[in-house]
Each structure stands twice: as C-alpha cells, then as structure tokens.
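The first residue of the sequence shown is numbered 1, and numbering continues consecutively from there.
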Amino acid sequence: MVFGNSLFYPILGFASFVVFIYMSFGGIRFSFLEEGPELSFVARNGTQFVLDGKAFYVNGWNSYWLMVQSVDIYSRSKVREMMKTGAKMGLTVCRTWAFNDGDYNALQTSPGRFDEQAFKALDYVIAEARQHGIRLLLSLVNNLQAYGGKSQYVKWAWQEGVGLSSSNDSFFFDPSIRTYFKNYIKTILTRKNSITGIEYRNDPTIFGWELINEPRCMSDPSGDTLQGWIDEMSSFVKLIDRNHLLTVGLEGFYGPNDPKSSTVNPELWASRLGSDFIRNSKISNVDFASVHIYPDHWFHEQVFEDQLKFVSKWMLSHIEDGDKVLKKPVLFSEFGLSATNQNFSISDREKMHRTVLDIIYKSAKGNRSGAGALVWQFLVSGMKEFSDEYGMVPLESSSTPIVFIEQSCRLANAKGWTQLDVSFKEYC
C-alpha cells in the first residue's frame, strides 16, 4: 500500500505487527513500584509544541473511557492493553475524561466530594500512560450530559437552593456553580497520585488540560458569557499549574462577527452557539487552540467527496489562523467518520483519516501551526457498551493501524523520535 509520500507496508509486515502486539500482551507485567521512564513537560514555542527543545507534532487518539474502566480491578487490563496498542503504533498523546460527575462510579459524587476509589482509577490511568510513554490530554468537564456534564452542576446548585437558573447554560454564569467548578479544578490539579507519588500539576505524563469538551452557550449567541467563563477559568488553572499547557476544548466554529462564519463554518447555525474560535482561543492563558472535525454530522446532505473537500478547507483555515492570527498551535483534538452514514465503508473512513493526517504531516514539514490530530475513538475488544458510531478496535482491523503507523513514521522521520516504545520503527 502506498500513501502519499509514505512507505510500502506489505500484508506480511502487518501480520507480523499484529502477532508482535499479541505476544507483547502475553508475558510482560511491570510493577508500578519500579521507577517510571523519565519524561519532560511538553511546552509551547510560538506556533509549535516543543519537547526537549525540539518541535513536537502529535499523532494520537481519544479513549474517553479510561478512568471508568480503571475503577474495578478486573477491567484495568483494558486500559493497559489500549496503552500498549497505542505505543506500539507510535502514538504519543491520548485524550480522555478526567471527570465523572454524579454518574455511576462517579469521581465527584456531589460538589467538593470525591470517591477515593474513582480517584485511584484516574491515578492508575496516569501511571499506566507514563509506563508506556503516552501523554494525556485531560478534559475537566463535559458540555454534554454524558458523565454528568454541566447539567449535573446546575442540578446540584438547584438541589442546594443556590442556583440562579435551571438552564444548563447557568453553568457558565452562576457564581455558585463557578465556585463548584473551581473547587473541582483545584482538587484535580493538586491531587497526589497514589501510585507514583507525583501531584498531577507536577507530572509531565499529562500533556495538558482541556477546560471543557465542546462548550456551547446558546442562550448568549454573542459569545460574551462563554468568553468570560473561559477567561476566569483559564486564569484560575494557571494560578495553580504553570507547568502544563491549557486549551479550551472548542469545536472550532467561527463567531457571528468573524468573516469566516459565512465562508468556512459548515452552516449558519454554527455561528449561533455562543462559542467563537478566534476570540476564545486568543485569551492569553490559553496555550493552544482545539478544533473538531465531523463533516458527516454538520452536513446531512453532502456526498462523501464534498465532505473531504470541507475537511481540507476547515483544517487549512484553522492552521492559517494559528499561523497568522493566534500565533499558537492548533490541535485537531477529535476527528472521525460515522459508521451510520449511508453507503459507509471502511475505505472511506480511512480516506478521511488520511486526509486529516496528510495535512498535519505537511504542516509539520513546513513548521506550521497544525500541531497534530487525535482520532475519535479507539477501544479494545469486548467494549461494545463504550463504543459509538466512530469506535474502532485497531487489532480487529486489517488496515486501520497502518494509517496511523504511517503517520508515526513520517512525523518521527521529519521531527525526531520521541516515543518510548520504538518497536514500530521496523514498519517504517
């Protein structure tokens, strides 16, 4: 298979790769009592991430489920397996939830009250990632209802008689709820890992913090409410933790006063959500911008080839913003193609993935601000209840891992080898 400027991967080579991973899972069991590998903090220099003084471009994935699968000892092997699989594919960053508010196996059971078993699960995720040389982008709350989200905070304030409104958007403007969330931030950032003994704010395993997954405040389409919230919360994070990078968690939609709202946004609705890519990302305490890519959800009538054209236009527009306006890195922190699309095929999904990864590679070659991409989402076998229309099990596919190994090889050859596990080099 030939992919752009990439390399040829024979079927035999892929088969040996799969055998290699399975053999690796069989006998190796490390102890957390052993000192983990030495890691450095990922930093930012202008429009690039840097690691140990060199430009660092991200090839990674999303597995939102890591913490909830680590609460019970019997399911922790899935987390280890996922980390091993990612490392053997040369992936460097995994984005996952560092929240579970009021849900089953909740981390935060009520405002300021935490379940220690769930916290130890998050400790385990971070320790496991460290052992495999994987860094984590940790999201602190959900705009959506899954795992509690902003609606759970509003419900708590309402139940305690201090809420100003039953609207979910009061999460962004209610002083009591803001206090709840600040307490949560402080507890997470100052947590001392029960396995490694390292406070989260001092652990380079953590790539960075994401304030909120896909924030929207539709009750204020001007964007002022969300802007004020981001400004306050980003400042609060930096008061506690100056070691780590910080992003918002935006989808990337341009605000109503931005000319690109009519030329780049998918449709008119995208400028009326209360978020504003440029304005939100310009905040001084926000270190890098985040963008999501879901043309199949944003356009319901577009054919696949038109969706691919939009992906290129969308990415190049945001990379241009990073280079010229924001002067910050831009991380495409979610992208995928739904299996529920009419006429869906694995080859179309891989074509979409390659379109995204090719643009990142070209950005890396040109030292531009397109700083990486995280596919949504990877799982391991036996996790149907955690999957969705985008879910993939790399070892159950004959071709999906190749797409991401190719990217790992290309980025490593262009920018240097940063992976702890470099066994994937034999497939380069």
Side-chain angles (χ1 to χ4, degrees), residues 17-32 34 36-37 59-100 103-107 115-139 142 146-148 193-196 205-207 213 334 336 339 374-398 400-401 404-405 419-421 423-424:
F17 164 73
V18 173
V19 171
F20 176 58
I21 288 184
Y22 274 118
M23 291 294 288
S24 298
F25 290 153
I28 298 176
R29 290 294 181 269
F30 56 80
S31 168
F32 286 123
E34 299 173 5
N59 184 29
W61 83 101
N62 283 267
S63 287
Y64 75 88
W65 46 267
L66 297 177
M67 181 174 66
V68 294
Q69 279 290 286
S70 299
V71 175
D72 297 319
I73 299 296
Y74 74 87
S75 58
R76 285 186 174 184
S77 60
K78 292 182 170 62
V79 175
R80 175 173 293 165
E81 184 178 350
M82 188 70 259
M83 292 297 179
K84 268 194 182 188
T85 300
K88 300 245 180 247
M89 292 167 65
L91 306 182
T92 51
V93 175
C94 175
R95 176 172 173 260
T96 192
W97 296 166
F99 62 82
N100 185 3
D103 207 82
Y104 178 71
N105 276 338
L107 174 58
D115 183 273
E116 182 60 18
Q117 185 177 358
F119 234 143
K120 287 181 177 178
L122 186 55
D123 293 344
Y124 175 82
V125 171
I126 295 170
E128 190 72 43
R130 182 182 183 88
Q131 289 288 341
H132 291 92
I134 301 293
R135 287 174 171 82
L136 299 172
L137 176 56
L138 297 178
S139 187
N142 206 351
Y147 295 92
N193 193 307
S194 61
I195 299 170
T196 66
T205 310
I206 296 171
F207 172 85
N213 173 51
E334 287 189 27
L374 309 174
V375 69
W376 184 277
Q377 64 158 327
F378 282 162
L379 307 100
V380 298
S381 299
M383 296 192 66
K384 187 176 181 180
E385 70 274 24
F386 290 92
S387 190
D388 57 17
E389 63 212 75
Y390 297 93
M392 297 165 285
V393 179
L395 294 185
E396 291 182 358
S397 170
S398 60
T400 295
F404 295 93
I405 294 171
Q419 293 85 348
L420 175 65
D421 185 339
S423 57
F424 74 98

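Contact check for Met383 versus Trp65: side-chain heavy atoms found under the 4.5 Å cut-off. Asn100 has its side chain within reach of Met67: a pair of non-hydrogen atoms, C-beta onward, lies under 4.5 Å apart. Here the side chains of Tyr147 and Val68 are in contact, with some heavy-atom distance below 4.5 Å. Inter-residue side-chain proximity for Leu66 and Met83 is flagged as met; some heavy-atom pair is nearer than 4.5 Å. Looking at Cys94 and Asn62, their side chains never come closer than 4.5 Å, going by heavy atoms from C-beta outward. By the 4.5 Å heavy-atom criterion applied to side chains, Thr196 and Ile126 are not counted as neighbours. Counting only heavy atoms from C-beta outward, the side chains of Val93 and Ile134 never approach each other to under 4.5 Å. Residues Val79 and Met82 fail the side-chain proximity criterion, which asks for heavy atoms closer than 4.5 Å.
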Could you walk me through whether Val125 and Glu128 satisfy the side-chain contact (heavy atoms from CB on, under 4.5 Å) test, starting with their C-alpha distance in whole Å, then the side-chain angles of each, then the deciding distance to 0.1 Å, before giving a yes or no? CA-CA 5 Å; Val125 171; Glu128 190 72 43; 5.9 Å; no
After noting the C-alpha distance and the side-chain angles of Phe99 and Asn142, does the key distance pass the side-chain contact (heavy atoms from CB on, under 4.5 Å) rule? CA-CA 8 Å; Phe99 62 82; Asn142 206 351; 3.5 Å; yes
Could you walk me through whether Leu137 and Leu374 pass the side-chain contact (heavy atoms from CB on, under 4.5 Å) check? CA-CA 10 Å; Leu137 176 56; Leu374 309 174; 4.2 Å; yes
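Across all non-hydrogen atoms, the minimal contact from Lys78 to Gly382 is CE-O, 3.8 Å. Smallest separation of non-hydrogen atoms from Ala106 and Ala118: O-CB, 3.5 Å. Nearest approach of Ala129 to Thr205, heavy atoms of both residues: CB-CG2, 3.9 Å. Closest approach of Leu91 to Trp61, counting heavy atoms only: CD1-CE3, 3.5 Å. Closest heavy-atom contact between Pro401 and Pro394: CG-O, 3.2 Å. Among all heavy-atom pairs drawn from Leu107 and Ala98, the shortest one is CD2-O, 4.0 Å.
Within the structure, side-chain hydrogen bond (donor to acceptor under 3.5 Å, both in side chains) pairs that include any residue of residues 66-77 do not occur (at least two apart or interchain).
Side chain to side chain, Ser381 and Glu396 meet the donor-acceptor criterion of an N or O pair below 3.5 Å. The closest side-chain donor-acceptor pair between Asn193 and Arg130, if any, does not fall under 3.5 angstrom. Trp376 and Asp388 are linked by a side-chain donor-acceptor pair at a separation below 3.5 angstrom, with hydrogens and angles left out of the test. Looking only at atom types and distance, the side chain of Asn213 has no donor-acceptor partner in the side chain of Ser139 under 3.5 Å away.
For Asp421 (side chain) and Lys84 (main-chain N/O), no donor-acceptor pair under 3.5 Å exists by modelled atom type. With hydrogens and angles disregarded, no donor-acceptor distance shorter than 3.5 Å links the side chain of Asp123 to the backbone of Ile195. Not a single donor-acceptor pair under 3.5 Å links the side chain of Asp115 to the backbone N or O of Phe119. Of the possible donor and acceptor atoms, none in the side chain of Glu334 sits under 3.5 Å from a partner among the backbone N and O of Gln377. When atom types are taken as modelled, the side chain of Gln419 and the backbone of Gly90 share a donor-acceptor pair closer than 3.5 angstrom.
Residues forming a salt bridge (Lys or Arg N to Asp or Glu O under 4.0 Å) with Glu116 (at least two apart in sequence, or on another chain): Arg191. For Phe404, the ring-ring contact (aromatic ring centres under 6.0 Å, His included) partners at least two apart in sequence or on another chain are His353, Phe378.
To the nearest 0.5 Å, the span separating CG on Leu138 from CZ on Phe207 amounts to 11.0 Å.
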